[in-house]
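One is the number of the first residue; the rest follow in order along the sequence. The analysis underlying the following values was restricted to heavy atoms, covering all of them including side chains, and did not include hydrogens, waters or symmetry mates.
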Amino acid sequence: MERQLRFSGAVGSGVRSLSVDKARIIDLDEFEGLFRTFSHSAWRLETRRRYASDEATDTYRQFIETGRVEWDGSDPYCELIRSQTTQGMRVERVRIVDRPPTTGQLYLLNNAKRNSGLGEDIRNLQRADADRFQLPAEDFWLFDSRLAARLRFDDGDHLVGVELITEPDEIVRYSVIRDAAWHHAVPHEEFAAKLSSGE
């Protein structure tokens with residue numbers, strides 16, 4: 001298990017303390033397994049302006065060409081998430097959006113229609129507000145408020161690694177981030193409506 005030195009602190013505190021935590025890099029199969037084995041909640045913060053993996057899909061090309069997407073609700077991810085939410089598990093995420101939104105962010109606003117149909121609760125937060133609330137520019141999943149999977153990206157916005165974190169102080173930090181983001185974020189339907197009306 002890899003030992004890393006990291007600064008940690010509460011959102012909005014302005015104080016960061018030096019702590020040693022234990023984290024390890026996991027492969028994508030183990031990462032996918034987290035969605036099969038969580039007990040009650042999977043929560044995500046998405047902070048990036050684009051994701052290279054989205055841009056490589058047929059649905060992204062469809063969105064660029066037509067502004068709409070015919071989503072397939074039967075792919076393995078959809079089946080897995082639908083299965084979990086049907087059993088009462090919560091899958092939630094907050095997406096940070098620029099003003100004006102990037103093409104990738106508009107694509108994900110469209111994608112929220114599909115994911116909502118699977119039982120996900122998706123909300124959005126303007127980047128200016130995220131900055132004001134001192135939310136970090138980190139992409140991560142928090143599972144059952146007991147472990148976090150921090151997503152690592154290269155300069156080309158490709159996912160290059162997933163870091164599994166279980167150190168208690170870091171889990172508390174991620175839980176504080178989740179609570180602040182969730183409190184201030186707007187349901188995606190309301191966010192999209194305001195965007196369409198020019199608000």
Closest contact, heavy atoms only, [X] versus [Y]:
X      : Y      : answer
Ile96  : Ala130 : CD1-CB, 3.8 Å
Thr103 : Tyr60  : CG2-OH, 3.4 Å
Arg61  : Ala56  : NH1-O, 3.6 Å
Pro136 : Leu45  : O-CD2, 4.0 Å
Ser39  : Met89  : O-SD, 2.9 Å
Leu142 : Ala148 : CD1-CB, 4.2 Å

State whether Arg114 and Asp72 are salt-bridged, where the test is any N-O pair (Lys NZ or Arg NE/NH1/NH2 against Asp/Glu carboxylate O) under 4.0 Å.
no
Please determine if Arg173 and Glu138 form a salt bridge, counting it only when a charged side-chain N lies under 4.0 Å from a carboxylate O.
yes
Donor-acceptor under 3.5 Å ([X] side chain, [Y] main chain):
X      : Y      : value
Arg50  : Gly156 : yes
Glu120 : Arg93  : no
Asp157 : Tyr51  : no
Asp144 : Arg146 : no
Gln62  : Glu70  : yes
Gln105 : Thr102 : yes
Asp139 : Thr47  : yes

Starting from [Y], can I reach [X] by hopping between I/L/V/M/F/W/Y residues whose side chains sit under 4.5 Å apart?
X      : Y      : answer
Phe143 : Ile122 : no
Val91  : Trp71  : yes
Ile26  : Phe153 : yes
Leu147 : Ile177 : no
Phe191 : Tyr107 : yes

Would you mind reporting whether [Y] and [X] have side-chain heavy atoms less than 4.5 Å apart?
X      : Y      : value
Val162 : Trp141 : no
Tyr174 : Ile165 : yes
Asp121 : Trp182 : yes
Leu151 : Arg48  : no
Lys194 : Gln126 : no
Leu34  : Leu164 : yes
Arg24  : Glu30  : yes
Pro168 : Val172 : no

Lys NZ or Arg CZ of Arg90 over Trp43 ring: under 6.0 Å, within 45°:
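Negative - Arg90 is either too far from the ring of Trp43 or too far off its axis.
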[atom2] on [Y] to [atom1] on [X], rounded to 0.5 Å:
X      : Y      : atom1 : atom2 : value
Leu108 : His188 : CG    : NE2   : 12.0 Å
Thr59  : Asn111 : OG1   : CG    : 7.5 Å
Glu92  : Arg178 : CD    : CZ    : 8.5 Å

Go through Leu135 and His184 one step at a time and tell me if the side-chain contact (heavy atoms from CB on, under 4.5 Å) criterion holds.
CA-CA 11 Å; Leu135 298 179; His184 294 288; over 6 Å; no
Under 3.5 Å, sequence neighbours excluded: what are the donor-acceptor pairs made by side chains of residues 78-85?
| residue | atom | partner | partner atom | Å |
| --- | --- | --- | --- | --- |
| Arg82 | NH1 | Gly73 | O | 3.2 |
| Arg82 | NH2 | Gly73 | O | 2.8 |
| Ser83 | OG | Gln87 | NE2 | 3.3 |
| Gln84 | NE2 | Phe35 | O | 2.7 |
| Gln84 | NE2 | Arg36 | O | 3.4 |
| Thr85 | OG1 | Ile81 | O | 3.2 |
| Thr85 | OG1 | Arg82 | O | 3.3 |
| Thr85 | OG1 | Leu118 | O | 2.5 |

Would you check, one step at a time, whether the test side-chain contact (heavy atoms from CB on, under 4.5 Å) holds for Arg123 with Val186?
CA-CA 5 Å; Arg123 302 184 185 187; Val186 175; 5.9 Å; no
Hey, mind stepping through Asp54 and Phe63 against side-chain contact (heavy atoms from CB on, under 4.5 Å) and telling me if it holds?
CA-CA 11 Å; Asp54 289 341; Phe63 179 75; over 6 Å; no
The test is side-chain contact (heavy atoms from CB on, under 4.5 Å); show your working for Leu106 and Leu195 and say whether it passes.
CA-CA 10 Å; Leu106 291 171; Leu195 199 60; 3.8 Å; yes
More than 12 heavy atoms from other groups under 6.0 Å of NE2 on His183
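Open: at most 12 neighbouring heavy atoms sit under 6.0 Å from NE2 of His183.
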